[in-house]
Every structure is written in C-alpha cells, then in structure tokens.
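Each remark here refers to the structure printed beneath this line.
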Amino acid sequence: MMTARDHGLLTCRSCGLLAEPQASSCKRCDSPLASRDTASLQHVWAWLVAGLIIYVPANLYPMLRTTQAFRSQESTIVGGVVDLVHHGAIAIAAIVFIASVVIPVGKFIVIAYLAVLLSQPGPKNAHRLHILYEAVEFIGRWSMIDVFVVAILVALVQFDVLASIQPGFAAACFALSVVFTMLSAQAFDPRMIWDATDEGAPHDA
C-alpha cells in the first residue's frame, strides 16, 4: 500500500490534506503536521491505564440510589443487571450489561492489543488491525449510553418522598472511564498500522 510518506509528503490527521515534508502546520485547518506521532503509544497507554483505574470504582460503587416510600436502595452496575433479570426485564438487562461491561472491557482489550502488537517489530496483518481500530472508534461514540440512561431516569423519576432516583458515585467514574478510553483511542496514530504490512518489514521512507 502506497502512503503519503512513501511519496515524501505529509498527511494532515485532521482534514487529510497532503503537504510538503518541511511544512509544520496544515494550510487548510492549521493543525500541526508530523509524519508519525512518535509519542502516540505512550499517550495511548497513559489514557488506557487511567480508564482502567477509574473503571474499578465504577463497578464497585453504586450507579443508582433509588428512594421509594421512605426506603432507599443502592445498585451497582452488575447488581442492577441482576435486579432487572429477577424482574423479568431480560432485554433491558442485556442492553445494560453489554453497554456497561462488554463494550468497555472489549475496548480495553482491543486498544491494549493494538498498542502491544504495534510496539513489536515484524510484519503484521495491517488490514485486520485497521478493522479493529475502526471498530474501537465506532463503539466509542456509543459508550455513554449507560450514563444517558441514568441521566434520563434521574430527570424523569422525581416524586419527592414517594419515589426518586439519584446518580451514584459510580456514574461519574463510569463517564470518566469512557472519556479516558475515547482519548486513548484518539491518541492512537493509525498511520502506524499502515507501516506494518503483510509483505515484510515496516515502511521506512
């Protein structure tokens, strides 16, 4: 696969405009230009570790605090899924479990897999890696579903002492974890994938 680097040019990561190698910023969007972000993997790991750390309290502390008839109950993410299953709301429980557990954990694994693989020398399946990167980018925009559900419930269920729902500490932790993993994915320089091809060693132009 031919890249801008193979032709002695630079590509703007923001708008895709090609530029001469001596250019320091993009003429169209004024973004800084560089053939490769050499600190990309460091930023990826930093944001990923931060997301992993904050994801722990997101699962240990209550996501929702429900008050009904002077009786309060707190639910963690997994506890809320179990309660939904016990009440027969299997479909909603599945959505919450996928949005809150499967997708975040899957993002952690895929981003770490990409970062580890691209830090190692040798040829790789660039097409498969690019698909994984696109999948992480696509999923990232839907990762806030759980937080939106909590916000909607808090806004709708407010009947003073009869019934109310308040977000727990885990809601803020979960939102931060999603933001950190999105920043981790954005810090990833996909051009590093282009350098690793099936034919052999990475491009060095």
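Positions are given from 1 along the sequence.
The shortest non-hydrogen separation linking Ala170 to Ala58 is CB-O, 3.2 Å. The nearest pair of heavy atoms linking Ala187 to Ser40 is O-OG, 2.7 Å. Taking each heavy atom of Lys107 and Val178 in turn, the nearest pair found is NZ-O, 4.5 Å. Residues Pro104 and Ala99 come closest through the heavy atom pair CD-O, 3.4 Å. What you find for Leu132 and Tyr113 is that their closest heavy atoms are CD1-CE2, 3.7 Å. Looking at every heavy atom in both residues, Asn59 comes nearest to Ile77 through OD1-CD1, 4.1 Å.
Linking Ile, Leu, Val, Met, Phe, Trp and Tyr residues whenever their side-chain heavy atoms come within less than 4.5 Å leaves Phe169 and Leu52 in two separate clusters. Following chains of ILVMFWY side-chain contacts shorter than 4.5 Å, one can reach Val105 starting from Leu114, so the two form part of one hydrophobic cluster.
Tyr55 meets the ring pair (Phe, Tyr, Trp, His ring centres under 6.0 Å) test with Phe108; sequence neighbours excluded. Residues satisfying the side-chain contact (heavy atoms from CB on, under 4.5 Å) test with Ala185, not counting sequence neighbours, are Ile111, Val136, Glu137. Among residues two or more places apart in sequence or in another chain, the ring pair (Phe, Tyr, Trp, His ring centres under 6.0 Å) test is passed with Trp45 by none.
A distance-only check finds a donor-acceptor pair linking the side chain of Ser184 to the backbone of Val44 [under 3.5 Å]. Of the possible polar contacts, one joining the Ser119 side chain to the Ala115 backbone as a donor-acceptor pair under 3.5 Å is found. Checked by atom type and distance alone, the side chain of Ser100 pairs as donor or acceptor with a backbone atom of Val96 at under 3.5 Å. In terms of modelled atom types and a separation under 3.5 Å, the side chain of Thr181 and the main chain of Gly51 share no donor-acceptor contact.
To the nearest 0.5 angstrom, Trp47 atom CH2 is 12.0 Å from Met182 atom CE.
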